[in-house]
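Encoded as structure tokens, the structure appears first; notes follow it.
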Amino acid sequence: MSRIHSEQEQVRRDARARMEEAGINPFAYSWNVTHHAQPVLEGFDPERHQPQEDGPAPEPFRVSVAGRIMSRRIMGKAAFFHLQDATGRIQIYVSRDDLPEGFYNEVFKKLLDIGDIVGIEGFVFQTRMGEISIHAERLEVLAKALRPLPIVKETEERTFNEVTDKEFRYRQRYVDLIVHPDVRETFRQRARMVTAMRGFLDERGYVEVETPVLQPIYGGAAARPFTTHHNALDMKLYMRIADELYLKRLIVGGFDGVYEISKDFRNEGLSRFHNPEFTMMELYVAYKDYAWMMELVEELIEHLALTLHGTTELQVGAHTINFQRPWKRLPLFDAIEERTGHQLFGKDRDELAAVGKKLGLHIEDSMGAGKIIDEIFGGFVEPHLIQPTFITDYPVELSPLAKKHRSKAGLVERFEAICNGKEICNAFSELNDPDDQRERFEEQVRLGKRGDAEAMQLDEDYLRALEYGMPPTAGLGIGVDRLAMLMTNSESIRDVILFPLLRPEAEDASAEDTPEGAA
RNA sequence: GAUUCCGUAGCUCAGUUGGCAGAGCAUCUGACUUUUAAUCAGAGGGUCCUUGGUUCGAAUCCAAGCGGAAUCACCA
């Protein structure tokens, strides 16, 4: 079934057919690229490469480039166009008499369009207007674009016809990337950030591992999972919501430090800060505690800021954020007291509910003490924490995998780093007492039975692993997407995820499901 | 899930009180050998998101739906 083509698409399809009739393959096999746009612009030296009046003959700067035609200015027997490659744009000069007989008039002028991908061989020169350009001596069609691009025209002051529709940009990210160099740059920065993170961890000897995405029991976080089914074993499987329990099994197994950078999946709502599949970095280090981990986190993130930007001070939205260590450390209850005037330590559930109500929160009967504390923190404290801050020592009910605090009853040794009003990491001294862990799991199971869809499942195999003995361990999880948002000054998680989840397009709604067990 | 806003040509957008569907860029034809939003002359291009309703008449008013965005809720 073929779509009805727009006028412009039909023109391009006709051009493709005429190319084939003329013996030109509109989809070539390869092209020998020797140079890229940006390095050519930087490498051009007018004194060496440009003909000078009464000067010596220039040394030709010969290049072979390839890319997409992004603009065209045709003037009779000569033309200029801009070619865009992975590094940027460079202007190409073509004149009729430099190309094979008839090619300029019949092919270049009539059959090529903005958006087509071509290869150019020629020499670099500077135009009368001063723009460094390539004088084409050979031009080949490498790929014909059958759809028109949403063309962006730019001057130094203004941009015209820029695609601003976010739906278009997210659904057709390939087009977004073609027309928005800053989007390409954002994703390059994200890649550099992950590379730097990996380098930082590798340098310290931690082992990068891969643990199961498909899990018979999900755990390690409070979230609703995606469910799937394995046909051959006829078993229910869950997409992981966290890597935590498998990584700690590896600490039991004798690794001193393991980490994983991978996708987690949570069957929850979408927002500026939430995508159902997102990237998490989890790290576990034996014989360390959460205080040690705080130092590692601030060192890591300071390192990332310096690697990406050469400074620890980053502009993020309206704020300038300084990642220089050491970061402020503030126990959760002190942070709440600072903001609300209420000291919650030692208060029971009903006293906490009364404080919550006084602050204007909607407190439901089903909410436990930990949940109320979390609500108060999330509502009145977290949004105000702009500079990176470690919030420490959380209620035990909120942290079923964290070790009891060595000196504060009812709390665990846990911290979150908050920055720009959002959590960027979560870490604790890991609970390694299997009997305590069993009780915590059992409490989670009770919560689940009471209807908490995010309660954890009891993982017998994990308890068995702990019973063999897990050394004292510090664990960390960093939301890579949210960190990338900070590092690239992006206001939506969709701006740092190449293909964010959207509802299917209407045209695809009728597409048939893949039958179970097919292929 | 709630609220608000949005959906018109390939792209960005206008469209008056409800009265022939518009502009710029892009496309097509012609001119033009250093342009750069090239320029000049001419032309073509529309499921006005969808389905109903009101009306002599709907892009416009009403209802429902679809899709998107923002905010909120959810998100240890």
Side-chain angles (χ1 to χ4, degrees), chain A residues 4-12 14-15 70-82 89 91-98 104 109-110 113-115 125-131 133 135 145 147-171 175 179 220-224 241-242 244 266-276 278 362 368 370-371 373-374 377-378 394-402 412 414 416 422-423 426 428 444 447 452-456 477 479 491-494 502-507 509:
Chain A
I4 293 168
H5 300 124
S6 70
E7 180 198 28
Q8 291 191 47
E9 286 176 292
Q10 199 51 56
V11 166
R12 285 159 184 263
D14 291 346
M70 296 304 285
S71 67
R72 282 205 304 176
R73 293 170 292 283
I74 294 176
M75 306 154 302
K77 300 181 186 64
F80 287 94
F81 63 92
H82 273 101
R89 290 188 185 187
Q91 181 170 259
I92 312 294
Y93 172 76
V94 220
S95 73
R96 187 191 63 185
D97 301 335
D98 293 330
Y104 178 84
K109 277 170 75 173
K110 294 202 174 139
D113 293 289
I114 289 173
F125 74 110
Q126 199 162 15
T127 66
R128 213 175 278 167
M129 300 301 289
E131 180 162 351
S133 307
H135 186 127
R147 284 181 187 254
L149 277 178
I151 277 307
V152 178
K153 290 208 165 196
E154 289 171 31
T155 61
E156 283 179 15
E157 312 88 53
R158 288 184 59 190
T159 300
F160 298 82
N161 295 353
E162 186 176 22
V163 184
T164 52
D165 178 29
K166 291 195 176 175
E167 180 182 5
F168 186 114
R169 297 178 61 179
Y170 295 144
R171 285 199 194 281
V175 175
V179 301
R224 278 146 60 180
I241 58 172
E244 173 151 358
R266 297 187 184 177
N267 206 337
E268 288 162 351
L270 294 84
S271 82
R272 209 150 61 84
F273 296 99
H274 299 87
N275 194 63
F278 61 100
H362 180 67
K371 178 73 182 162
I373 292 167
D374 195 44
F377 178 74
Y394 284 67
V396 63
E397 311 93 271
L398 290 175
S399 319
L401 300 167
V412 291
R414 169 180 170 188
E416 292 191 356
K422 276 282 161 188
E423 169 196 345
N426 182 23
F428 24 90
Q444 288 291 311
L447 288 173
D452 184 348
E454 294 173 355
M456 291 185 193
E491 60 182 20
S492 170
I493 199 167
R494 288 176 168 170
L502 299 174
R503 280 196 172 77
E505 289 181 80
E507 290 168 355

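Letters A, B, ... are given to chains in the order of the sequence lines, protein chains preceding strands, and every chain is numbered from 1.
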Starting at atom CD of A:Glu7, determine the distance to atom C1' of B:U29, rounded to an integer number of angstrom. 12 Å

Can you tell me if A:Arg266 touches the phosphate of B:A76, counting only side-chain N or O atoms and a distance under 4.0 Å to OP1 or OP2? yes

Under 4.0 angstrom, heavy atoms only, what part of the nucleic acid is A:Ser399 near: base, sugar-phosphate, or nothing? nothing

Could you grab the distance from atom CD of A:Gln444 to atom CD of A:Glu397, nearest 0.5 Å is fine? 10.5 Å

Can you check whether A:Arg73 has a side-chain N or O nearer than 4.0 Å to OP1 or OP2 of B:U35? no

Pick base, sugar-phosphate or nothing for A:Ile74, based on heavy-atom distances below 4.0 Å to the nucleic acid. base

Between the base of B:A76 and the side chain of A:Glu454, is there a donor and acceptor pair under 3.5 angstrom? no

Scanning all shown strands, the Watson-Crick or wobble mate of B:G52 with both distances under 3.5 Å is B:C62

Quickly work out the A:His82 NE2 to B:A26 C1' distance and round it to whole Å. 18 Å

With heavy atoms under 4.0 Å as the rule, sort A:Arg272 into base, sugar-phosphate or nothing. sugar-phosphate

Considering every strand and a 4.0 Å limit on heavy-atom distances, what is the contact class for A:Asp97: base, sugar-phosphate, or nothing? base

Please confirm whether any donor atom in the side chain of A:Glu131 sits under 3.5 Å from an acceptor in the base of B:U34, or the reverse. no

Quick check: does any side chain N or O of A:Arg414 sit under 3.5 Å from a backbone N or O of A:Asn426, one acting as donor and the other as acceptor? no

Any side-chain donor paired with an acceptor under 3.5 Å for A:Asn275 and A:Arg494? no

side-chain N/O A:Arg96 vs B:U33 OP1/OP2, d < 4.0 Å: no

With side-chain contact (heavy atoms from CB on, under 4.5 Å) as the criterion, how do A:Asp113 and A:Gln8 come out once you've worked through the C-alpha distance, each side chain's angles and the decisive distance to 0.1 Å? CA-CA 10 Å; A:Asp113 293 289; A:Gln8 291 191 47; over 6 Å; no

Side chain A:Ser95 and base B:U33 donor-acceptor under 3.5 Å: no

Taking pairing as Watson-Crick or G-U wobble with both contacts under 3.5 Å, can you name the mate of B:A9, or confirm there isn't one? none

Should B:U39 form a Watson-Crick or G-U wobble pair with both distances under 3.5 Å, which nucleotide is its partner? B:A31

If only side-chain N and O atoms of A:Arg12 are considered, is one of them under 4.0 Å from the OP1 or OP2 phosphate oxygen of B:G10? no

Protein-nucleotide distance (A:Phe80, atom CZ; B:A38, atom P), rounded to Å: 12 Å

Complementary nucleotide for B:A69 - Watson-Crick or wobble, under 3.5 Å: B:U4

Under 4.0 Å, counting only non-hydrogen atoms across every strand here, what does A:Phe125 touch: a base, just sugar-phosphate, or nothing? base

Presence of donor-acceptor pair under 3.5 Å, side chain of A:Tyr93 and base of B:U33: yes

